[in-house]
Every structure is written in structure tokens, then in C-alpha cells.
Protein chains: 2
Amino acid sequence: MKESTETPSERNASRITAMDVAREAGVSLSAVSRVFTPGASVSAKMRVRVMEAADKLGYQPNVLARSLMTQRTNLVGVILANFKNPIYLTVLDHFTRALQARGLRVLLLNVSDGQDLEEMARLVLQYSVDGLVVSAGSISPHITEQCHKRRIPLVAFARRPRRANLHVVCADNAAGGRVAGARLLQSGHRRFGFMAGPSTASTTIERGKGFRAAIEEAGQGVIATTHAREYTYTAGVESARKLLSRAERPDAVFCANDLLAMALMDVARDEFGLTLPRDLSVMGFDDVDLAAAASYRLTTIRQPLEAMVQETVDILSHRINTWSEGWETRQLACTAVERASIAEPPPD
Amino acid sequence: MKESTETPSERNASRITAMDVAREAGVSLSAVSRVFTPGASVSAKMRVRVMEAADKLGYQPNVLARSLMTQRTNLVGVILANFKNPIYLTVLDHFTRALQARGLRVLLLNVSDGQDLEEMARLVLQYSVDGLVVSAGSISPHITEQCHKRRIPLVAFARRPRRANLHVVCADNAAGGRVAGARLLQSGHRRFGFMAGPSTASTTIERGKGFRAAIEEAGQGVIATTHAREYTYTAGVESARKLLSRAERPDAVFCANDLLAMALMDVARDEFGLTLPRDLSVMGFDDVDLAAAASYRLTTIRQPLEAMVQETVDILSHRINTWSEGWETRQLACTAVERASIAEPPPD
DNA sequence: CTGAAAGCGCTAACAA
DNA sequence: TTGTTAGCGCTTTCAG
């Protein structure tokens with residue numbers, strides 16, 4: 001007496017299934033499925049009949065059950081390590097928008113500090129994501145191999161891993177560093193310094209390499225380098241104090257990111273009484289919103305974040321649909337943003 | 001000749017299932033399931049036998065298939081509208097960490113600008129999320145009702161919706177506004193201004209209300225208010241110009257968030273030649289990282305973001321496990337952070 | 001403690 | 001175009 005008269009809401013907290021809709025509309029289960037499958041062949045009247053029943057019951061297809069059959073979840077895992085650098089909020093903005101526009105959803109994972117990337121990658125794979133983007137410390141061979149075996153496109157974002165058995169999208173950091181060097185050479189200042197981020201960060205390494213190359217090719221040298229423990233304003237302050245306390249104080253400093261640059265400018269003015277840019281030319285990297293603030297007017301190198309995200313999403317959605325062997329690397333050019341943190345050379 | 005000799009990797013891009021493991025270990029499918037189900041009763045030797053086979057094959061349980069049975073996805077939808085205010089990166093940091101610590105994952109949705117909240121909520125519900133947090137414009141009755149019917153706990157974060165048929169976690173913005181007013185009253189300045197965000201934002205409304213109350217209770221009045229079109233530095237610059245161009249220029253301004261405050265300070269110094277805080281006292285809200293920068297030293301009101309996230313996650317995980325009727329509102333106190341952007345009253 | 005069998009909600013052949 | 005019938009990969013009674 002119970003089983004047949006049981007309504008859906010009694011059975012399970014009002015979870016309406018396609019079966020309920022089929023019953024309501026007096027059609028088969030597959031008819032309902034077809035109506036909710038884009039591009040399936042259904043007659044017009046079948047469609048309205050089903051839709052009416054569906055609307056009446058408030059039916060929503062269960063995408064998880066669907067995924068089980070289709071082997072497609074429309075989920076993309078995004079693993080991030082840096083939740084302190086504001087550019088990553090912009091990155092997330094672009095990613096969510098671009099992916100949403102293609103019908104994909106973002107499963108966001110945080111691997112900063114204590115979290116283990118290896119473990120998180122494992123977790124995200126359990127959700128059968130269709131693609132994975134990682135912008136975090138070293139991506140282990142195990143992860144890349146796992147993704148490859150399961151045919152899940154994996155792209156390293158804004159990071160350049162040693163091995164290249166995955167897709168890579170990043171800015172041309174070395175070239176950006178060169179541009180910074182070239183620009184600083186025009187300041188007339190000659191005691192070059194580099195305020196780096198953590199020494200393991202690929203961004204620090206490449207930006208520094210490009211910067212040094214430019215300086216050295218001009219017959220000059222980088223006389224001082226400090227590494228901030230992380231890419232934040234606070235860490236920048238400590239680092240700036242060290243840099244400016246050197247016996248031979250640098251007067252033209254390239255900072256591996258804008259937050260460090262802003263810290264350097266503040267410390268220089270506030271604690272060392274320097275007048276900027278007369279006594280110190282500063283160049284940043286990223287072009288965060290506040291780099292344009294009147295307090296800084298920071299001349300900096302901008303990464304094409306939106307384009308980078310676009311490339312990443314392109315790679316993903318293409319490879320999701322048609323898996324193919326091989327990996328691609330897309331390196332995008334940075335552009336200099338001229339403001340007022342670099343000295344004019346004295347008119348000779 | 002094909003079906004029986006077919007290995008898993010031939011059948012499907014090496015997607016190892018529990019069945020494969022069972023076969024490998026020479027045990028039943030349910031045995032494998034039990035081994036991967038915390039708290040199921042399995043003998044020790046069964047466990048090692050299954051684990052060996054699983055490790056050998058590189059088996060990872062498919063959580064989606066599991067969800068279909070358990071009616072639990074361990075997914076929490078997070079819908080955000082503001083990807084320009086850096087505090088939301090902090091919020092995401094806390095959310096991902098706190099949820100990950102409880103075995104929950106974040107499905108991140110962006111509803112800024114063009115995106116439709118109603119539509120996104122629908123999409124996220126299709127993934128059978130176990131809970132939903134929304135920090136975005138007005139949450140429609142339809143959404144709340146839908147969540148309620150499906151017994152999905154829904155919490156409005158840092159936002160106070162009109163209707164209260166959902167959980168709410170937010171800072172006590174009105175009280176924060178009062179504190180700001182009280183503090184500004186001590187500056188000796190008497191021409192009070194309010195630099196608001198968008199007039200529809202509940203934060204602007206409540207912070208402004210509290211501020212005005214404090215000023216008026218002291219027998220003073222707020223003589224000027226401007227609304228920035230959004231909570232960004234750039235919008236703040238425009239807004240600051242308007243505010244400072246008033247015939248009767250305010251000299252004690254409460255800004256609805258730090259970015260607006262920083263813009264105001266910059267415009268005041270740079271375009272109006274004011275000396276701060278002598279000519280203008282400024283108070284902010286949020287305490288973003290850069291509020292502490294030497295260029296600003298902004299006295300501000302801090303929202304307890306981490307605690308707010310913690311409360312939200314508490315509500316969610318509690319209600320996920322034991323659904324109960326009724327909604328709770330948790331309003332957390334803000335704290336003032338004293339720095340140097342407010343004038344000392346003249347010694348009388 | 002273990003295995004067999006019945007689903008979770010849906011899609012995808014296959015016939016009709 | 002439609003309905004019937006198998007599953008997708010897993011959990012969960014229910015016997016043994």
C-alpha cells in the first residue's frame with residue numbers, strides 16, 4: 001500500500017527525477033531525456049508536453065547522473081597557490097567568466113601553505129574534471145602522468161615547469177625582465193638592484209634572468225639582489241630595508257612584482273628620506289590596480305592576464321573535445337606601462 | 001574474441017573502476033567499496049588485499065558515482081559578484097581552506113556584470129551541491145525556495161537580504177559605521193562627509209546609516225555624500241573629485257571601503273594640495289593589506305573576514321549533516337584599526 | 001565479515 | 001520520432 005502511492009516528495013525530499021516527469025507527461029523516460037539533450041530528435045508536441053510536466057514539477061536534470069553516462073562533467077579544476085597577490089583575483093574573474101561562457105564550471109582548490117598539491121590533484125581528479133589548470137608550485141610527474149593516462153588536459157598557468165609533459169601558458173617573463181632592464185638603463189641611474197620574490201618561483205628566476213641580461217649587455221652590472229619571502233607588500237618592506245641598507249645603495253631597482261615595488265617606494269621615502277624618482281628609480285611587474293595610484297605612479301610591466309586565460313581556456317576546450325597527443329606552450333608578450341617612477345636622465 | 005579479453009585500458013582510456021580492482025584482488029565488488037568507505041566493517045586482510053590491487057591498478061574511486069547513491073557530493077557552491085575588491089581574494093582563501101579542511105570542495109561561480117544570478121544558482125543546483133553561499137546582489141525568493149525545497153542550506157555572505165528565509169553571516173556594518181563616526185568626531189574636524197559605494201549595496205546603506213547616526217547624535221551633520229559607481233580605486237578617484245569640489249568642502253570623511261579612502265587621500269594630496277591629516281581626516285573600511293602602507297596609514301574598520309567564513313562553514317556543515325527548519329543570522333563585530341589618517345584635535 | 005543483487009538518475013543503442 | 005533495455009561506477013540492503 002505504500003510503494004505505488006508514494007509521491008516523489010515523500011520518497012526523497014522532493015528530488016524530482018526524469019522518471020517523475022515522464023510519468024506526469026505520460027511518456028517514456030527517454031523522451032524526457034531527449035527533450036533535455038540539445039540536438040536530439042524530438043517532435044514539437046512531445047517537447048511542449050514534456051516541458052509542461054517538467055515546469056509543473058520544477059524538474060532540473062541531475063548533471064552528475066548524466067556525467068556518469070556521458071563521461072563529461074563540464075567541470076574544470078583550478079588549483080591556485082597564491083591568494084595574496086591581487087592579480088589572482090583578476091585571474092579568477094577571467095577564468096570563471098571564460099569557462100562559464102563555454103558551459104564549464106570551476107572547481108577551485110587552494111594549495112597555499114600547508115596544503116599538498118599532490119593530494120589536491122588527486123581529489124580533484126576523483127571528481128572526474130574534464131580539464132585541469134594549475135598555477136602552483138612544482139607539478140609532479142605523477143600528476144602529469146595521471147592526467148595523461150586519463151586524457152585530462154592539464155595546463156600550467158603563469159608558471160614554467162621544468163619538464164614539458166603538459167601544456168603551458170605564461171607571460172614571457174624573461175623578455176619582460178629585459179624590457180625592465182632597458183627602461184631602467186635610460187634613467188641615468190647606474191647602481192642596479194633586483195628585488196626578487198621567493199628564489200624558487202619561476203617568475204622570479206626568469207624575470208631576473210632577463211633583467212640581468214639587459215643590464216650586462218649594456219656593460220653594467222646588477223650590484224644588489226634581495227629575495228622577499230613572498231610576493232606581498234609586507235614581505236617587500238623587509239626586503240626593501242635590506243636592499244636600501246647596503247653600503248652601496250642601488251638607485252635603479254627592478255622589482256619582481258608591483259607589491260614589492262610599492263613597498264620599496266614607501267620604505268625609500270618614509271624610512272630613508274629619499275626623493276623619488278630623483279634618488280631612486282623603481283620598476284614593477286604586473287600592473288595591479290593600485291600601481292596607477294597617485295601615491296605610486298609605478299612604471300611597470302603588464303602581463304596580458306586576460307589573453308593568458310583565454311589561451312588556457314582555448315587549449316582546454318579544444319583538447320577536451322578532441323584529445324590529441326603532444327603538448328603546447330604559449331608564451332605571451334608583456335607590455336611596458338609608462339608612469340612616473342623612473343628618473344629622467346640628466347640633460348648632458 | 002574481443003569482449004572477454006578486453007582490458008580496462010582498452011575499454012576506456014584506462015579508467016579503472018572498483019570492478020577492475022575486485023577482479024584483480026579476486027574479491028567481490030562490495031568488498032572493494034567497503035574498503036574505501038570509512039567506517040565499514042572489513043577484515044584486516046581483506047583491506048590489504050584490496051588496497052594492494054587498488055594501488056597496483058592506480059584505482060581512484062569515482063566520487064560522482066558515489067554521490068548518486070549517497071546523495072552527497074561534498075560540493076559547496078560559492079557565488080561571488082565582486083572580483084574587483086581584494087578582500088574577496090582573502091574571502092576565497094579562507095573559504096577554500098575551511099571547506100577543504102572539512103572535506104568539502106568549492107564550486108565557484110561568477111555573477112558579476114552580465115551574468116545572471118538566478119541562472120547561475122540554477123546551474124549550481126544541477127550539480128547537487130550540498131550547500132550554497134552567495135555573496136552577490138539580491139537573492140530572489142525563487143532561489144531561496146528552491147534551496148529550501150531541496151534541503152540545501154543557503155547562506156548570504158557579507159550581505160543582508162531583505163527577506164530572511166535564508167541564513168545570513170555578515171559584519172555589523174551599522175555598528176562599524178558608528179565607530180567610524182565616533183572616531184572622526186574626535187579629530188576636531190567638523191565638516192563630515194560620506195564617500196559611499198553603489199547606493200544599492202547593503203554595505204553602503206548600513207555603514208552610512210551607522211555613521212550618520214553617530215554624527216547626528218553628537219549634534220553634528222553629514223554635509224556631503226557621494227556615491228562611487230563601484231568599490232574600486234578608479235571609481236573612488238572620480239568620486240573624490242566631486243566630493244572635494246563641493247563649495248563647503250568636507251574635512252572629515254568616512255569612506256565605505258578602503259579603496260575609496262585611498263583614492264580620496266591621493267586626490268586630496270595630489271589634486272587639491274591638501275596636507276593630510278591636517279586638512280582632511282579619512283577613515284576607511286575593510287583593512288586591506290595596503291591600508292597599512294606608508295603612503296596611506298589608513299585608520300579603518302576591519303571586518304572579521306576569517307571569523308565570518310568560519311561561521312558560514314559552521315552553519316553549512318552543521319545543516320548539511322542534520323537538516324533543520326529555521327534560519328539563523330550571525331552578525332559579527334568589526335574592530336577599529338588605528339593608524340594615522342585622522343587629525344589630532346588641537347590642544348584647546 | 002563477505003557476496004549477490006538492486007538500485008541512484010541519467011543516456012545511448014536498438015528496435016519498433 | 002518514440003519506447004525498451006542496458007548500463008555508467010558506485011553503495012547498500014539482505015542473505016549467508
Side-chain angles (χ1 to χ4, degrees), chain A residues 3 6 8 11-50 53-54 57-74 125-130 150, chain B residues 3 6 8 11-50 53-54 57-74 125-130 150:
Chain A
E3 60 276 21
E6 195 179 36
R11 173 161 39 76
N12 176 355
S14 120
R15 207 171 207 87
I16 314 293
T17 77
M19 192 60 217
D20 298 321
V21 177
R23 223 161 5 221
E24 172 76 25
V27 300
S28 81
L29 174 58
S30 20
V32 177
S33 172
R34 287 192 187 96
V35 169
F36 284 89
T37 303
S41 67
V42 211
S43 69
K45 64 180 165 210
M46 172 64 93
R47 165 157 282 126
V48 302
R49 196 165 162 192
V50 168
L57 301 181
Y59 169 71
Q60 294 285 91
N62 181 330
V63 299
L64 265 41
R66 170 182 296 168
S67 300
L68 214 48
M69 270 313 288
T70 60
Q71 305 282 38
R72 192 113 297 167
T73 57
N74 292 327
L125 289 183
Q126 293 190 341
Y127 279 89
S128 311
V129 291
D130 292 343
R150 303 169 76 147
Chain B
E3 58 274 22
E6 193 179 35
R11 173 159 40 75
N12 177 354
S14 120
R15 207 173 207 85
I16 314 294
T17 77
M19 192 60 216
D20 299 321
V21 177
R23 228 167 354 227
E24 172 76 25
V27 300
S28 78
L29 173 59
S30 12
V32 177
S33 172
R34 287 193 187 97
V35 169
F36 284 90
T37 303
S41 66
V42 212
S43 69
K45 64 179 163 208
M46 172 64 93
R47 165 157 282 126
V48 301
R49 194 164 164 196
V50 168
L57 300 182
Y59 169 70
Q60 294 286 89
N62 181 330
V63 299
L64 264 41
R66 170 180 295 167
S67 300
L68 213 49
M69 269 312 287
T70 61
Q71 305 282 38
R72 194 114 296 167
T73 56
N74 293 327
L125 289 183
Q126 293 191 340
Y127 278 88
S128 312
V129 291
D130 291 344
R150 301 169 78 149

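Here is how names work: the chains are called A, B, and so on, in the same order as the sequence lines, proteins then strands, and each is numbered from 1.
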Produce the list of close N/O pairs, under 3.5 Å, pairing protein atoms with atoms of nucleotides 13-16 of chain C; give distances to one decimal.
{"from": "C/dA13", "atom 1": "N6", "to": "A/Arg34", "atom 2": "NH2", "distance (Å)": "3.3"}

Q) What is the distance from CZ of B/Arg49 to P of C/dT2, rounded to the nearest Å? A) 9 Å
Q. Who passes side-chain contact (heavy atoms from CB on, under 4.5 Å) against B/Met19, sequence neighbours left out?
A. B/Thr17, B/Arg23, B/Leu29
Q) For the helix from C/dC1-D/dG16 to C/dA16-D/dT1, what is the angle between the axes at its two ends, each from 5 pairs, rounded to 10°? A) 30°
Q: Not counting sequence neighbours, list each pair that qualifies as a side chain to side chain donor-acceptor pair (under 3.5 Å) and has a residue in residues 24-43 of chain B.
A: B/Glu24-B/Lys56, B/Ser28-B/Ser30
Q) Under 4.0 angstrom, heavy atoms only, what part of the nucleic acid is A/Val63 near: base, sugar-phosphate, or nothing? A) nothing
Q: Write down the distance between OH (A/Tyr127) and P (D/dG9), rounded to a whole number of angstrom.
A: 18 Å
Q. Between atom CG in B/Leu29 and atom P in D/dT13, what is the gap in whole Å?
A. 15 Å
Q | Upstream residue (5' side of DNA chain D) when A/Lys45 and A/Leu68 are each assigned their closest nucleotide | A | A/Lys45
Q.
Between P on C/dG7 and CD on B/Gln71, what's the gap in Å once rounded to a whole number?
A. 15 Å
Q: Using the test side-chain contact (heavy atoms from CB on, under 4.5 Å), find all partners of B/Arg72 that sit at least two apart in sequence or belong to another chain.
A: B/Thr70, B/Asn74, B/Asp130, B/Ile320
Q: Just call it for B/Val32: base, sugar-phosphate, or nothing, with non-hydrogen atoms closer than 4.0 Å on any strand.
A: nothing
Q | Between C1' of C/dC10 and CE of B/Met69, the distance in whole Å | A | 15 Å
(Q) Could you measure the distance from the CD atom of A/Gln71 to the CG atom of B/Leu64? Nearest 0.5 Å is fine. (A) 10.5 Å
**Q.** Min side-chain heavy-atom separation B/Val27-B/Arg49 under 4.5 Å
**A.** yes
Q: Can you see which heavy atom on B/Thr73 is nearest to which on A/Tyr127, and at what distance?
A: O-OH, 2.7 Å
Q | Rounded distance (Å) that lies between atom C1' of C/dA5 and atom CE of B/Met19 | A | 13 Å
Q) Looking at A/Pro61 and A/Phe36, what are the two nearest heavy atoms and their distance? A) CG-CD2, 3.9 Å
Q. Which of these nucleotides, D/dT1, C/dG9, C/dC1, is closest to any side-chain atom of A/Asn62?
A. C/dG9
Q: Determine the contact category for B/Ser33: base if any of its heavy atoms lies under 4.0 Å from a base atom, sugar-phosphate if only primed atoms, P, OP1 or OP2 are that close, otherwise nothing.
A: base
Q: Calculate the interatomic distance between B/Leu57 atom CG and D/dG9 atom P; express it in whole Å.
A: 14 Å
Q | Nearest non-hydrogen partners of A/Arg15 and A/Asp20, listed with the distance | A | O-OD2, 3.8 Å
Q.
What is the separation between atom CD on A/Gln126 and atom P on D/dG9, rounded to the nearest whole Å?
A. 15 Å
Q) Heavy-atom distance under 4.5 Å between the side chains of B/Leu125 and B/Arg150, does that happen here? A) yes
Q: Sequence neighbours left out, what passes side-chain contact (heavy atoms from CB on, under 4.5 Å) with B/Leu68? Give chain and number order.
A: A/Asn62, A/Ala65, A/Leu68
Q. Reckon B/Thr17 has a side-chain N or O less than 4.0 Å from the OP1 or OP2 of D/dG9?
A. no
Q) Is the shortest side-chain N/O distance from B/Thr70 to OP1 or OP2 of D/dC10 below 4.0 Å? A) no
